[in-house]
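Note sheet for the following structure.
Residues take their numbers from the sequence shown, with the count starting at 1. The structure presented is a predicted model; accordingly, all values stated were derived computationally and were not measured.
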Amino acid sequence: MNTNTKKILLIISGGIAAYKILDLIRNLKKKNYEIKTILTETAKEFITPLSIASLSQNKVYENKFDIHNEVEMDHIALSRWSDIVLIAPATANLLSRLASGAADDFITTVVTASNKDIFLVPAMNVEMWNNKATQENIQKLISFNYKFIGPAVGELACGEVGEGKMSSINEIEKTLEQYFFGKDKIFSNIKAIVTAGPTREYMDPVRYISNESSGKQGYEIAKKLYESGFNTTLITGPTNINYPKNMKVVKVTSAKEMFASCQNELPADIAICTAAVADFYPHFESEKIKKDQLENEYSLKLNKNIDILEYLSNHNQFRPKLVVGFAAETKNILENSLKKLQKKNCDWIIANDVSDKSIGFNSENNEVTIIYKDQKTEKISKVSKSEIAAEIVSRVINNIKVNHAKNFN
Ligand code: PMT
């Protein structure tokens, strides 16, 4: 139990999962949290103000402007009172209204007036969660700095199975404890960008140059950074795998777009470039090139793409404190990778033998050697890409703690 009282403004919106919130209030009270609650009208159908008031031992507000509330504590004062705002469950409708910046009732006014971190705990049907508009709203909310807890995958109240289930009370508590008292809280101010996947360089509307990168290795690194508490942005070329949840994801197609997105994300503290960026791009014909108009041979003139890793490593104003590249090699792996580290001026390069089909491009596992600037090397033997990511991120954390901790406190 912590001895330091933290104040939570809990907003309960109307979903069947609302009834579980009573357990959350009971547990948080035992841990010495102070809780004030606002209930939407629909939430009152699932849970009563009286039960919440009894458990929280505090006033319960309703989602309406009320002269007594405003005299006792107005909506601005209420948003200032709390250390965080926790919205659980958060319905698709409420997410949409927050994403649009609505401030037309008590809850949205309190939220938009808040200067504290806001945690959203979504709960909805799987199709509602996967709905394009909901997903767009989530990306918007992440870019506005809202923090998400869940949702989980499982059997939903409607009987369907999938993503959209409210995170367990235990998970919500763990996230709050980590946020308030966790050892790694210092990382939330540290921004990490990860590039991943291939780029596509189109020569006409239907043909392009690309490569076999699946994005898996980069996504796993982005996930581990996010789970460790870093403020993480994933910049990804086209892939067929699910985007990691709850972090900012920037989708690009070409190397030029990936470069522009990296520039947009500066300043950043950490950059990890796993993307297989096409080194060259062809001239783009706006109409499909007709093969019957061509001779038997067709030459493509290619121009060099900017090297993003080299650009980040040599940025004179915003060079990230730690820049990590990957080197995909088929022979003289360590020697060629070291040359890349030196040419591009990154801090570490992670040598990846891509001649072995069971590791590297588009495989489940990987085996890499980290080469540090002082030429020391560390091999990570064949394991899943998720385990490779965990090994790399633990070294990133050590590096940040040892070399840069004072810059982040
Ligand atoms: O995506 P997966 O299927 O999981 O596969 C993972 C991977 C094999 C793609 C990954 O582990 C890997 O090795 N990524 C680097 C791929 C690559 O293009 O390497 P490179 O040796 O060509 O480039 C060296 C470094 O420069 C890389 O960090 C690359 O992101 C960067 N680069 C290259 C060219 C360019 N124009 N801009 C860059 O930033």
Side-chain angles (χ1 to χ4, degrees), residues 138-140 142-148 184 186-199 213-239 241 243-278 305-328 340-341 344-350 352 370 385 388-390 392-397 399-400 403-404 407-408:
I138 286 155
Q139 282 303 315
K140 243 191 198 178
I142 290 169
S143 75
F144 298 160
N145 264 337
Y146 284 80
K147 300 183 186 317
F148 279 81
D184 296 335
I186 50 161
F187 297 145
S188 62
N189 294 328
I190 303 182
K191 178 165 177 180
I193 54 180
V194 179
T195 68
T199 64
S213 168
S214 63
K216 282 179 203 158
Q217 187 61 81
Y219 284 28
E220 291 301 330
I221 292 174
K223 278 193 226 167
K224 289 283 180 288
L225 286 166
Y226 175 80
E227 284 161 14
S228 305
F230 292 94
N231 169 8
T232 308
T233 299
L234 171 69
I235 301 171
T236 173
T239 67
I241 52 177
Y243 299 125
K245 274 191 291 186
N246 303 340
M247 72 180 72
K248 182 171 176 190
V249 178
V250 183
K251 297 162 217 162
V252 299
T253 303
S254 65
K256 269 194 194 128
E257 287 170 14
M258 188 171 272
F259 173 57
S261 303
C262 285
Q263 283 182 305
N264 271 342
E265 292 301 320
L266 293 178
D269 303 293
I270 299 167
I272 304 189
C273 296
T274 73
V277 185
N305 271 321
I306 186 143
D307 193 302
I308 302 168
L309 175 64
E310 198 168 329
Y311 171 86
L312 293 170
S313 297
N314 292 296
H315 202 292
N316 52 16
Q317 198 184 357
F318 294 132
R319 186 195 194 278
K321 294 174 186 72
L322 181 64
V323 183
V324 180
F326 269 70
K340 277 185 187 163
L341 178 144
K344 301 191 187 206
N345 190 33
C346 51
D347 299 301
W348 311 346
I349 198 125
I350 300 183
N352 208 160
I370 306 177
K385 284 184 173 169
I388 294 277
I392 293 170
V393 170
S394 79
R395 285 161 178 80
V396 168
I397 290 173
N399 177 279
I400 294 292
N403 297 320
H404 305 292
N407 296 321
F408 298 117

Start with the C-alpha distance between E310 and N345, add both sets of side-chain angles, then the distance that settles side chain to side chain contact (heavy atoms under 4.5 Å, CB included), and finish with yes or no. CA-CA 7 Å; E310 198 168 329; N345 190 33; over 6 Å; no
Test log, rule salt bridge (Lys or Arg N to Asp or Glu O under 4.0 Å), inputs R319 and D269: CA-CA 8 Å; R319 186 195 194 278; D269 303 293; over 6 Å; no
Could you walk me through whether Y226 and V194 pass side chain to side chain contact (heavy atoms under 4.5 Å, CB included), step by step? CA-CA 11 Å; Y226 175 80; V194 179; over 6 Å; no
Could you go step by step and tell me if I388 and Q217 meet the side chain to side chain contact (heavy atoms under 4.5 Å, CB included) rule? CA-CA 8 Å; I388 294 277; Q217 187 61 81; 3.6 Å; yes
Worked verdict on L322 versus V396 for side chain to side chain contact (heavy atoms under 4.5 Å, CB included): CA-CA 8 Å; L322 181 64; V396 168; 4.0 Å; yes
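Checking each of S261, S143, C262 against V250 for a side-chain contact (heavy atoms from CB on, under 4.5 Å) leaves exactly one that passes, namely S261.
Rounded to the nearest 0.5 Å, atoms OG (S188) and CG (N231) are 8.0 Å apart. Between atom OG1 of residue T199 and atom CD of residue E257 there is a gap of 9.5 Å, rounded to the nearest 0.5 Å. A distance of 12.0 Å separates CD1 of I272 from CG of L312, quoted to the nearest 0.5 Å. Distance check, rounded to the nearest 0.5 Å: OG1 of T232 to CD1 of I221 gives 11.5 Å. Once rounded to the nearest 0.5 Å, the distance linking CD1 of I370 with CD1 of I350 reads 5.0 Å. Taking NZ from K321 and CD1 from I400, the interatomic distance works out to 7.5 Å, rounded to the nearest 0.5 Å.
Between I138 and K140 there is no side-chain heavy-atom pair separated by less than 4.5 Å. The closest side-chain heavy-atom distance from I190 to I270 is below 4.5 Å. Between M247 and L234, some side-chain heavy-atom pair lies under the 4.5 Å cut-off. In this structure the side chain of I397 reaches within 4.5 angstrom of the side chain of F230, judged on heavy atoms.
The two residues T195 and C273 come nearest to each other via the heavy atoms OG1-CA, 3.2 Å. A pairwise comparison of heavy atoms in M258 and G237 identifies CE-N, 3.7 Å as the closest pair. Considering all non-hydrogen atoms of both residues, A278 and A255 come closest at O-CB, 4.2 Å. Nearest heavy atom pair, residue I241 against residue G215, reads CD1-C, 3.8 Å. When every heavy atom of N352 is checked against every heavy atom of F326, the shortest pair comes out as OD1-CD2, 4.2 Å. Of all the heavy atoms in C346 and G325, the pair that sits closest is SG-N, 4.2 Å.
Relative orientation of the Y311 and H315 rings is perpendicular, given thresholds of 30° and 60° on the angle between their planes.
Within the 3.5 Å criterion, the main-chain N or O of I349 finds no donor-acceptor partner in the side chain of K344.
Under the 3.5 Å distance criterion, with hydrogens and angles disregarded, a donor-acceptor pair is assigned to the side chains of T236 and Y219.
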